[in-house]
Structures are given as C-alpha cells and as structure tokens.
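Worksheet: one structure, shown below.
Ligands are counted one by one from 1 in listed order, and the atoms in each one are counted from 1 as well.
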Amino acid sequence: KAKDFGRNQAVYFSYTLDAEIKNKIRLEQKLRQALADDKLMVYLQPQFNLQHNRFYWAEALVRWVDDEDGFIPPDIFIALAEESGLIHELGLVVLRQVCHYLVEHELLLKSLGIEGISVNLSGNQFFAKSFMPQVKAVLNEYKVKPEQLEFELTESVLMENTQQAIDVMQQLRELGCRLSVDDFGTGYSSLAYLKQFPIHCIKIDRTFIRDIPNDQQDIEIASAIIAMAQKLGLETIAEGVETQEQSDFLLAQGCYCIQGYFYAKPMPVSQLKSLKR
Ligand code: C2E
Ligand code: MG
Ligand code: MG
Ligand code: MG
C-alpha cells in the first residue's frame, strides 16, 4: 500500500514538473519573440525627496504584456531571462530605452525635478565581460551624462563574487554613475562588506516598510538601517511607501528619499505629465 502511494506520488510529481517545464519553455519562447518584436516597455516610478518637497529621481521598471497571457510580473520573466540567457538582451533593451527617455523627455523630466534614472541589474548582466563596454557605448550613442544613471544591485549579487563586484562598481563610479544596493535587509551582506562597496545609496526593502507603524520590530529595523547608513555616509531611500504615516515616520528618522505608491506608481513616460501640479 505504502509502495503504491509512493509510486502515485512520483507519477504526480513528474506530471506537474512536466507541465511546469513545458510552460517555462513556452514562456521563454514568447519572451524571446517579445524582445525581437520590441514589445517590452520600461515604466518609470518617480521618487520623492521630503527635504526639497519634490521628485528628484525615478526607477526604471520593465513591463511585459503578452497578447494571450496578459500582464506577466517582472519577477517571473526576469528570472526566466536569467535562466535562459536572454537577460543580456533584455538588460540592453532597458538601458537603451532609459537613455532614450533621458534625451527625448529631458524637459519633461526636468520640469518634474527628475535628474536621473535608476536601472536594475541582474547578476549575470553585471558580471558579464561585455557589461562595461556596453554601458559606455550606450551612453556615448545617446549622449547621456553618466551622472544621470544609477545602477541597482541586490545584496545577493554583491555577495556572489565580492571582489569582482567591487571592481565593476569602481569602474561604474569612475565613469560617474551612481550605485545603490536594492532590497536592503533581505539578503545577508555583512556590514564589513557594505563599507567596502563604492555605493551611494541603500534601498530599504519594502517588507520592512509595509507594516509600519503597526509592527514595532519593523520600526526598529528601519530605524537601525537608517542610522547605520548615516554613520557610513550613505543615503537611504525607502521602498514601498504607501501611507502618510510611513512617510512621516521616515522623515522623522532622517530618511528623506521615498519611493512608493503614496507618491507615485510606476507609469509609462507619457503619463508623467499628470504629476505636474
Ligand atoms: P525592485 O527593483 O525592488 O523594484 C521595486 C518593486 O516594488 C517594483 O515591482 C515596484 O513596482 C514595486 N513597488 C514600488 N512601490 C510600491 C508600493 O508602494 N507598494 C507595493 N506593493 N509595491 C511597490 P515590479 O515592477 O513588479 O518589479 C519587481 C522586480 O523585478 C524589481 O524589484 C526588480 O528586482 C525586477 N526588475 C524590474 N525591472 C527590471 C529590469 O529592468 N532589470 C532587472 N534586472 N530587474 C528588473
Ligand atoms: Mg530596484
Ligand atoms: Mg527593491
Ligand atoms: Mg526586488
């Protein structure tokens, strides 16, 4: 009896695994096609500075709406792009679109106070030999100032190969780009390393912001991250700010840079005009 059960279970698992793999392959082919057809779109989420009471920067967030499957979350297709190697092409598409926005919508961005755009990097992209030459070539092609670009890296990417990460970050910094650590607090980067990374800014992960002011532990963690960053001479930005209370709390702690639905959602560039008051 137990044996039968075990066998059924194996059959069941291999069935779902099979379906999962088929779905993945299907989605990967679609993503390849979407890239070829230029179907990916880069949205911008403006970030607000509480000290100056205005927007000052924006994060680029890639969007994919498939004709049949509809909206596919970036967490899903970015992971897929990493596994399949499509991330290099995807990363280049995003970087180029961001540089295009910086040039094409210079006046609109300026009128909103947005001085530059942050681009998320995946590990495979960041550690590739071709990455630095590519960044330089694209900046050159669009005549974008390196100061207008920030790159976001997660802790896990930085801890994957610390020395090489520092090398590439140094090159980006020498070029004039800004650097930030994304989703801070969810990985396990040690404070000793944080000090060695040539970064400008720490992005406090949304999970620590979400339950403020109700969760006392999150209040302590967010305060500690902000205090530590200040001592290390780093800026902080809070992700996922959805309420006035959260914004007030962060201001009181000395975290002046805010990203979240409370100030602005990710949107197509054409919609940025609606933010003007
Ligand atoms: P991330 O870099 O941490 O981006 C922030 C995420 O939080 C975005 O999710 C954004 O839409 C969401 N968000 C912002 N404010 C709020 C808020 O107030 N409440 C809530 N609930 N969410 C908020 P999104 O756009 O789904 O992107 C998910 C992740 O996909 C990103 O996390 C990033 O890791 C990755 N990603 C997005 N675009 C790119 C890209 O161009 N390249 C790479 N390599 N990764 C990307
Ligand atoms: Mg990010
Ligand atoms: Mg993040
Ligand atoms: Mg994330």
Check for me whether [X] has a heavy atom closer than 4.0 Å to any atom of ligand 1.
X	value
Arg210	no
Gly240	yes
Lys265	no

Spell out, as yes or no, whether a donor-acceptor pair under 3.5 Å connects the side chain of [X] to the backbone of [Y].
X	Y	value
Asp183	Thr186	no
Ser111	Leu108	yes
Glu245	Ile212	no

Under 4.0 Å from ligand 1, counting heavy atoms only, is it the side chain of [X], its backbone, both or neither?
X	result
Asp182	side chain
Gln259	neither
Val94	side chain
Lys203	neither

With the Mg ion (ligand 2) as the apex, the OE1/OE2 angle for Glu152 and Glu59 - to 10°:
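Rounding to the nearest 10 degrees gives 90°.
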
Rounded to 10°, how big is the angle at the Mg ion (ligand 2) from Asn120 OD1 to Asp182 OD2?
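About 90°, to the nearest ten degrees.
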
With clusters defined by side-chain heavy atoms of hydrophobic residues (ILVMFWY) lying less than 4.5 Å apart, directly or transitively, does Ile258 cluster with Tyr56?
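The answer is no; the residues belong to distinct hydrophobic clusters.
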
Same cluster or not: are Leu27 and Val65 linked, directly or through other Ile, Leu, Val, Met, Phe, Trp or Tyr residues, by side-chain heavy atoms under 4.5 angstrom apart?
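No, because Leu27 and Val65 fall into different hydrophobic clusters, even though each may have its own neighbours under 4.5 Å.
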
Pair [X] + [Y]: basic N to acidic O under 4.0 Å:
X	Y	result
Glu235	Arg178	yes
Glu115	Lys145	no
Glu20	Lys24	no

Under 4.0 Å from any heavy atom of [X], which atoms of ligand 1 are there?
X	result
Pro266	11 (O)
Gly260	15 (N), 18 (O)
Glu239	3 (O), 5 (C)
Asp75	28 (C), 29 (C), 30 (O)
Ser122	44 (N)
Glu242	17 (C), 18 (O), 19 (N), 20 (C), 21 (N)
Gln45	14 (C), 15 (N)

Please list, one pair per line, the donor and acceptor atoms closer than 3.5 Å that link side chains of residues 38-47 to other protein atoms, with sequence neighbours excluded.
| from | atom 1 | to | atom 2 | distance (Å) |
| --- | --- | --- | --- | --- |
| Gln45 | OE1 | Gln259 | NE2 | 2.6 |
| Gln45 | NE2 | Ala264 | O | 2.9 |
| Gln47 | NE2 | Gln259 | OE1 | 2.8 |

Say whether Gln125, considering both its backbone and side-chain N or O atoms, lies within less than 3.5 Å of an N or O atom on ligand 1.
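Min N/O separation from ligand 1 is not below 3.5 Å for Gln125.
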
Considering both backbone and side-chain atoms of Val62, is one of its nitrogen or oxygen atoms within less than 3.5 Å of a nitrogen or oxygen in ligand 1?
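The answer is yes, given that Val62 and ligand 1 share an N or O pair closer than 3.5 Å.
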
Does some side-chain heavy atom of [Y] sit less than 4.5 Å from a side-chain heavy atom of [X]?
X	Y	result
Asp205	Glu239	yes
Leu172	Met132	yes
Arg96	His100	no

Is Asp183 close enough to the Mg ion (ligand 3) to have an N, O or S atom under 2.8 Å?
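Yes, within the cut-off.
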
So which of Asp183, Val157, Leu40 gets nearest to atom 3 (O) of ligand 1, if we judge by its closest heavy atom?
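Closest candidate by heavy-atom distance is Asp183.
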
Of all N, O or S atoms in Glu239, which has the smallest distance to the Mg ion (ligand 3)?
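It is OE2, the N, O or S atom of Glu239 closest to the Mg ion (ligand 3).
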
Pro133 and Ser130: which non-hydrogen atoms are nearest, and at how many Å?
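Smallest heavy-atom distance, with atoms named: CD-O, 3.4 Å.
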
